[in-house]
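These numbers come from a predicted model, not from an experiment. Here, residue 1 is the first one in the sequence, and each next residue gets the next number. Read the numbers this way: they start at 1 and go in the same order the structure lists the ligands and their atoms. Reckoned from all heavy atoms, side chains included, excluding hydrogens, waters and symmetry mates.
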Amino acid sequence: MDSTNQSLKPLTAKLNEAGNLEIGGCDLVELVEKYGTPLYVIDEYTLRTVCADYKEAFKKYPKVNMMFASKALCTMGTSVILDSEGFGFDVVSAGEIYTVYKAGVDMSKVLFNGNNKSVDELSLALKLGVGRISVDNFFELSLLNEIAKSYDKTADILLRITPGIECHTHEYIQTGHLDSKFGFDLTQVDEAVELILNDYRNIKLHGLHAHIGSQIFETSIYGDEIEILVKELARIDEKFGLKLDEINAGGGLGVKYTDKDCPPSVYTIADIIINRLNECIEKYKIEQPALFIEPGRSIISTAGVTLYTIGSSKQVPKGKKYVAVDGGMADNPRPSMYGAEYSAQIVNKASAEPVENVTIAGRFCESGDILIKNIKLPELEEGDILCVYNTGAYNYSMASNYNRVQKPAMVLVNNSQSDMIVTRETLDDLIMHDKVPDRFKNK
Ligand code: LLP
């Protein structure tokens with residue numbers, strides 16, 4: 001293993017003397033006694049080690065800026081950690097902007113992405129001094145110019161382009177191919193630049209942005225993406241005499257959800273990006289641009305696990321054995337949405353031999369609520385604790401209250417200490433926004 005995204009488990013996961021699984025020096029059985037289940041757990045050491053991997057891997061390029069794609073996990077606690085590691089943030093909504101702002105993040109290191117940002121969201125971004133806005137389409141370009149004008153401000157932007165690169169990942173998480181809802185087609189870039197130079201006086205263009213997809217295992221496409229971005233910078237300079245000095249290559253590096261997954265290391269990706277960038281700088285004769293990257297999954301996924309308590313089970317005669325946990329598709333929609341696969345272990349039987357093949361079912365009222373289709377585990381009993389690995393990314397951030405079930409708590413573990421960073425929702429939280437019309441009252 002070269003870098004942390006290639007690990008299936010958090011780096012501190014181990015069997016302890018009590019025979020239980022521990023993470024961050026915390027016995028997971030004790031953690032469950034204290035905080036209950038389902039419980040999201042984030043290992044601070046793993047998170048900081050991933051950040052160190054990225055910084056080390058990219059340090060060969062002098063003008064590099066790391067950003068974390070908040071859509072993978074956006075909480076104030078994790079934002080504070082990433083900020084302390086020197087990361088900026090890619091945000092996609094007022095909610096994400098507000099979360100990092102309240103966490104005390106330097107807003108000049110924030111980039112606002114998205115294909116349909118609202119007037120309120122763009123206004124908030126300008127008001128709070130978000131460093132860059134990645135403009136996605138002509139409508140937004142004109143809207144942003146109007147909003148910036150009304151505040152007597154200049155909006156600092158990148159243009160999001162669709163590089164036309166297909167990557168082999170789930171169709172729903174591919175974004176760089178030509179028929180995509182995101183970004184300007186390469187044939188539309190000139191018109192956008194002309195509008196900015198001639199009409200949109202409250203917009204300053206700094207560079208180009210692209211993102212090719214997520215959970216990517218192919219390495220060469222990153223080089224191709226860089227070449228397309230640099231070639232465009234050179235072309236824009238030649239045609240308009242406009243020297244842009246920033247490129248943002250997006251995120252996308254994959255992680256290891258099961259033993260079948262072999263994601264490339266951060267070091268491999270960094271070498272491919274930097275080498276190709278240096279080659280292209282010479283080839284297209286441009287000044288060295290600042291390079292931005294914005295990974296999400298590969299930063300936070302491995303650091304996170306989810307703990308569940310095992311409840312009922314059902315042996316289908318001559319069929320599968322279903323074992324149900326107290327969470328499922330509302331706290332982790334990825335298996336039902338994308339057919340995503342996960343690995344798991346029994347916390348309180350961490351050294352026991354796996355003996356039976358079971359299907360881990362969720363508790364939600366839907367047949368499709370299956371967390372793991374087929375996994376070999378030790379003999380299971382009600383009350384056992386299941387630890388599902390690699391749930392740090394796109395689990396809490398995509399969680400819902402389906403079936404009016406409260407969202408789980410999240411705990412940060414490090415050096416045998418645990419701190420709650422998201423409290424468990426209460427029943428009152430669930431009805432907090434409900435209103436019963438007065439005319440139905442007193443009946
Ligand atoms: N930048 C942009 C513009 C993006 O759209 C994304 C992800 C990222 C960066 C971060 O990509 P990452 O490094 O995390 O792959 N919900 C899906 C993933 C959707 C990704 C959307 N965009 C999932 O659970 O697999």
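- By the criterion of a heavy-atom distance under 4.0 Å, the side chain of Arg334, and not its backbone, is placed next to ligand 1.
- Only side-chain heavy atoms of Asp90 come within less than 4.0 Å of ligand 1; its backbone N, CA, C and O stay farther off.
- Evaluation of the side-chain hydrogen bond (donor to acceptor under 3.5 Å, both in side chains) rule for Asn332 yields Asn395 as partners, not counting sequence neighbours.
- Atom numbering of ligand 1 starts at 1 in the shown order; those under 4.0 Å from a heavy atom of Gly251 are 9 (C), 13 (O).
- Contact atoms of ligand 1 toward Arg297: 12 (P), 13 (O), 14 (O), 18 (C), 23 (C), 25 (O) (distance under 4.0 Å to a heavy atom of the residue).
- Counted within 6.0 Å of NZ on Lys63, heavy atoms from surrounding residues, nucleotides or ligands total more than 12; the atom is thus considered enclosed.
- Side-chain contact, Arg334 with Tyr342: a donor N or O sits under 3.5 Å from an acceptor N or O.
- Contact atoms of ligand 1 toward Ala69: 8 (C), 9 (C), 10 (C) (distance under 4.0 Å to a heavy atom of the residue).
- Contacts with ligand 1 closer than 4.0 Å are made by side-chain heavy atoms of His211 only, the backbone lying farther away.
- The backbone N or O of Lys117 sits nowhere less than 3.5 Å from a side-chain atom of Glu121 that would complete a donor-acceptor pair.
- Side chains of Tyr389 and Gln345: a donor on one and an acceptor on the other come within 3.5 Å.
- Within ligand 1, the atoms closer than 4.0 Å to a non-hydrogen atom of Arg160 are 3 (C), numbered from 1 in the order shown.
- Remark: ligand 1 atoms within the under-4.0 Å shell around heavy atoms of Met398 are 16 (N), 24 (O).
- Looking at Asp43, its side chain never comes within 3.5 Å of a backbone N or O of Pro10 through a donor-acceptor pair.
- Heavy-atom proximity to atom 23 (C) of ligand 1, evaluated over Tyr338, Phe182, Phe68, is greatest for Tyr338.
- For ligand 1 and Pro295, the ligand atoms under 4.0 Å from any heavy atom of the residue are 13 (O).
- Using cut-offs of 30° and 60° for the angle between ring planes, the Tyr402 and Phe364 rings count as parallel.
- For ligand 1, the polar-atom distance check finds no N/O of His209 at less than 3.5 Å from any of the ligand's N/O atoms.
- At least one donor-acceptor pair closer than 3.5 Å links the side chain of Ser7 to the backbone N or O of Lys9.
- When each atom of ligand 1 is checked for a heavy atom of Gly252 under 4.0 Å away, the hits are 11 (O), 12 (P), 13 (O), 15 (O).
- No heavy atom of Met337 sits closer than 4.0 Å to any atom of ligand 1.
- Judged purely by distance below 3.5 Å, without hydrogens or angles, the side chains of Asn113 and His211 never pair a donor atom with an acceptor atom.
- The closest approach between Ala72 and ligand 1 stays at or above 4.0 Å for every heavy atom of the residue.
- Under the 6.0 Å cut-off for aromatic ring centres, Phe68 and Phe87 do not qualify, their centroids lying 6.0 Å or more apart.
- If you check each of Gly114, Ser214, Gly213 against atom 15 (O) of ligand 1, the one with the closest non-hydrogen atom is Ser214.
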